[in-house]
Amino acid sequence: MKIVLAYSGGLDTSVAIKWLKEKYNSEVVTLTLEVGQGEKDLKAIEEKAKKIGAVKTYSIDAREEFVEDYVFPAIKANALYEGKYPVSTAIARPLIAKWMVAIAEKEGADAVAHGSTGKGNDQVRFDVSVMALNPLLKIVAPMREWKLTRDDSIEYAKKHGIPVPATKKSPYSTDENLWGRSCEAGILENPMNEPKEEAYGWTTAPEAAPDKAQYVTIDFEKGVPVKLDGKKMGGVELITRLNKIGGTHGIGRIDMIEDRLVGIKSREVYECPAADILLTAHKELERLVLTREENLFKEMIDAKWAQMAYFGLWYEPLKKDLDAFIEKTQEVVTGTVKIKLYKGKAAVAGRSSPKSLYDEGLATYNKSDKFDHRQAEGFIKIWGLPSMIAGKRK
Ligand code: ARG
């Protein structure tokens, strides 16, 4: 038997290498993906996996693919689960699953494995994505099957000569990629506890942020951010920079109660500076260039898109249908948005577009007004007719 394991280099997945070998008598191939978790020494992680007993190791810098095929669609969909969470952890899972399947097929493996527990959304996202991409592959989740506590893991690691990180583990469970940082557990489990500063890793507290506001301008082309402050750059660089700039100003902190797919309500703390800035800017540009009908209808499609991404249905056919609709709307989403960053808030300060539908002549309250006020009267009579008839019945 041969298993491809999604390997982060952390304690749990390190223990999993040994455990999969023992329990399934299998060869373990590890796969590590760089999606912007910060300084990640991929070579060192591969070395570690080999030392613990992996027969073969892969590591891939997938940041560009992540941004282009997962983050950009999320921007076009203004994706916020339950109106708040930019689905940052969620959208990296189908990418990791895609690579797990690709390596499993290349290696002729029988199964893939991941380190998710049985309580969260991530197990669903991994499993459902793998099921959709290659229904023949078995899926093994050691942490779910085995239900290890942290202490069990440490004990198992010590017994098997697996290096245990010397640093005291953070009291939180975290996950990071270019689109955001997730933090949960520990004292955050009491929803009334305000997160302590130690829960945050990317952002300055708004009250400690600079007293002077900073402006950034983002240029979009067909829904995709292509320039920052007038300078053309790739998505990875643009997002990395916005996370830095936004983080300095305390932008993108989110504290929420969230409805998990497995039925549990959980308290989550996110930091998503670039996502906050780009989603705010993109949405504002859409307000300028899409018609009223498009804007109102797209809100529903966007909400559904975010749910599907969150629920692990990335490869479900309906998700592609929604993408087709969204992609069509983005044809005119080209223009510039100016955002003001100040003490935790990313606020729109201006917007312009060659595709703008805004007509100052129609909007103005001064003399140059082109809007025919008399027409409003007849329009309202007919528009209000059903209400009037119903009113008379009383
Ligand atoms: N609740 C979020 C989600 O389901 C984040 C999960 C993050 N994982 C973690 N180990 N903290 O997308």
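This one's a predicted model, so the numbers in the text were calculated from it and none came from an experiment. We're numbering straight along the sequence, starting at 1. For ligands, and for the atoms within them, numbers begin at 1 and follow the listed sequence.
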Report the residues that fulfil side-chain contact (heavy atoms from CB on, under 4.5 Å) with Lys338, sequence neighbours left out, ordered by chain and then residue number.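 With sequence neighbours excluded, Lys338 shows a side-chain contact (heavy atoms from CB on, under 4.5 Å) to Tyr215, Thr217, Ala349, given in chain and number order.
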Taking Lys298 as the fixed residue, which of Glu286, Glu293, Lys76 is the one that meets the side chain to side chain contact (heavy atoms under 4.5 Å, CB included) rule?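 The side chain to side chain contact (heavy atoms under 4.5 Å, CB included) with Lys298 is passed solely by Glu286 among Glu286, Glu293, Lys76.
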Pairs under 3.5 angstrom, nitrogen or oxygen on both sides, ligand 1 versus protein: list them out, please.
unit_1	atom_1	unit_2	atom_2	d
ligand 1	1 (N)	Glu258	OE2	2.8
ligand 1	1 (N)	Glu268	OE1	3.2
ligand 1	1 (N)	Glu268	OE2	3.2
ligand 1	1 (N)	Tyr270	OH	3.1
ligand 1	4 (O)	Asn121	ND2	2.7
ligand 1	4 (O)	Arg125	NH1	3.2
ligand 1	4 (O)	Arg125	NH2	3.0
ligand 1	10 (N)	Ser173	OG	3.0
ligand 1	11 (N)	Ser173	O	3.2
ligand 1	11 (N)	Ser173	OG	3.2
ligand 1	11 (N)	Glu184	OE2	3.3
ligand 1	12 (O)	Tyr85	OH	2.6
ligand 1	12 (O)	Arg125	NH1	2.9
ligand 1	12 (O)	Arg125	NH2	3.1

Side-chain donor-acceptor pair under 3.5 Å between His282 and Gln330, yes or no?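 Result is yes, a qualifying pair exists.
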Is it true that Lys320 and Asp323 have a side-chain N and a carboxylate O under 4.0 angstrom from each other?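 Not counted as a salt bridge, because no side-chain N and carboxylate O are separated by less than 4.0 Å.
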Let me check something: any side-chain donor-acceptor pairs from residues 378-394 under 3.5 Å, sequence neighbours excluded? List them with distances.
none

According to ring pair (Phe, Tyr, Trp, His ring centres under 6.0 Å), who are the partners of Phe72, at least two apart in sequence or on a separate chain?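 In terms of ring pair (Phe, Tyr, Trp, His ring centres under 6.0 Å), with neighbours along the sequence ignored, Phe72 is linked to no residue.
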